[in-house]
Amino acid sequence: MSSLRAYLTLRLRLLGRLLREVGGLRLALLGPVLAIVLGRGLLLAASHPVGQWAVPPLVALTLASAHRQRADLRFLATSAPGFRRWLAVEYGLAAVPAALVLAAFGDWGAALLTLALAPAGAVLPPARESRSTIRRARSLFRSEAFEWVSGMRAGGLWAWPVLLAGAVWQHSSPLGPVVALVLWLLVLLGCYGAPEPITMLVLAGRTPRQFLRRRLLLGMGYAGLSAAPFFWLLAVGPAGGGGAAAVSVAWLGMVGLLILTKYAFYPNATHIRTTQALVVGVALLLPGNPVYPVLLLVAVGGLIWQSQRRLHKILG
């Protein structure tokens, strides 16, 4: 028990250090936005007789994905033989807020399932250890689109058919494909959250403008191809062609903003991820608000200017 308490205390200190690195201003903007977006999503799911059962697997998959990307698993395995019990408790505690929201709506079965599934991710191995070092399957994507190559191998290839199946299942309502597109955008958020080594930028042999144009062309091109079935489901459903066109333009625009944000704050991974989360949160929170178009124009212009400025320092 004392070792578990010490581990949880250490994790809280690491979280505090990460929050200090994010910065007070960015944290003041990001915290409320994420709280409102996640809160709305949970409330919507908890009040739906079918949607409530989507919360347990989503929470479990999110925690499992974060677990497999942890850099301290090898250290814990060699220094603390019982570390997986600590991880199970940590993940169970992380799932408590979602379970409480479900319980508040009387969804006791989904709440208990959320608490039961969350600790299961502790038994998974690190992502890099589960990949074969002898033979690796040829990627469906160009090696130049390295974010897609690594992101799909890390779980995107199985997430896409699952989301597509859910969208087809709920295609009679526009909400089904739209929710699937939001979740797919979050998968891509993980792909574009890690900065590549500076040598990869230098070896590209392009000017900042050419480099950024190529990254946008590859990223948005693959994103459009992967999201095409969801757009089609929207077009043939109640939303119609006009609604599908509006959603597709907005969604691809968000992918472009994720790419611009990555290079606007390159190579600081913490600032990249927090700003990307802020961009996505604002995009999901403010549609329909009269200040949204102005805020969007300012964000796009600022990110283009900042990304080219940052790349100019590296590429010259």
Side-chain angles (χ1 to χ4, degrees), residues 33-34 36-55 57-58 61-62 140-141 145 147-148 151-152 155-192 216-261 276-293 295-297 299-300:
V33 168
L34 288 184
I36 294 173
V37 171
L38 294 177
R40 282 187 175 180
L42 271 175
L43 291 175
L44 181 64
S47 60
H48 195 279
V50 177
Q52 61 174 294
W53 297 106
V55 175
L58 283 177
L61 289 174
T62 301
L140 298 173
F141 309 96
E147 298 98 342
W148 285 79
M152 296 305 105
L157 282 180
W158 61 259
W160 185 84
V162 170
L163 293 176
L164 181 59
V168 172
W169 176 40
Q170 295 291 327
H171 74 280
S172 59
S173 169
L175 188 61
V178 169
V179 170
L181 281 169
V182 171
L183 295 177
W184 185 237
L185 182 67
L186 296 181
V187 173
L188 301 188
L189 180 64
C191 297
Y192 284 98
L216 287 168
L217 179 64
L218 282 171
M220 296 177 70
Y222 280 129
L225 289 174
S226 66
F230 303 103
F231 299 153
W232 179 80
L233 288 172
L234 273 174
V236 299
V247 170
S248 62
V249 170
W251 191 86
L252 288 174
M254 285 302 307
V255 175
L257 286 177
L258 294 182
I259 299 172
L260 290 173
T261 303
Q276 285 177 335
L278 180 61
V279 169
V280 172
V282 169
L284 295 177
L285 188 62
L286 292 182
N289 192 296
V291 304
Y292 184 70
L295 184 62
L296 182 62
L297 287 175
V300 171

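These numbers come from the heavy atoms of this one structure, side chains and all, not from hydrogens, waters or symmetry mates.
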Do Trp184 and Ser226 have a side chain donor and acceptor closer than 3.5 Å?
yes
For Phe230 and Leu181, which heavy atoms make the closest approach, and how far apart are they?
CB-CD2, 3.5 Å
When rounded to the nearest 0.5 Å, the distance separating CG of Leu157 from CZ of Phe141 is 6.0 Å
Restricting to non-hydrogen atoms, name the atom on Val255 and the atom on Gly219 that form the minimum distance, rounded to 0.1 Å.
CG1-O, 4.2 Å
In the structure I gave you, are the side-chain heavy atoms of Val280 and Val182 within less than 4.5 Å of one another anywhere?
no
What's the spacing between Gln276 CD and Leu186 CG if we round to 0.5 Å?
11.5 Å
Would you call the rings of Tyr192 and Trp148 parallel, tilted or perpendicular if under 30° counts as parallel and over 60° as perpendicular?
perpendicular
About how many Å separate CE of Met220 and CH2 of Trp251, when rounded to the nearest 0.5 Å?
9.5 Å
Give, for atom CE of Met254 and atom OG1 of Thr261, the distance between the pair rounded to the nearest 0.5 Å.
8.0 Å
Correct closest heavy-atom pair for Ala45 and Val55 would be CB-CG2, 3.7 Å
Nearest 0.5 angstrom please: Leu164 CG to His171 NE2, how far?
12.0 Å
Please name the pair of heavy atoms, one in Ala244 and one in Phe231, separated by the smallest distance, quoted to 0.1 Å.
CB-O, 3.6 Å
Can you give me the closest heavy-atom contact between Ala167 and Pro177, atom names plus distance?
CB-CA, 4.0 Å
Rounding to 0.5 Å, atoms CD (Glu147) and CG (Leu218) come to a distance of 8.5 Å
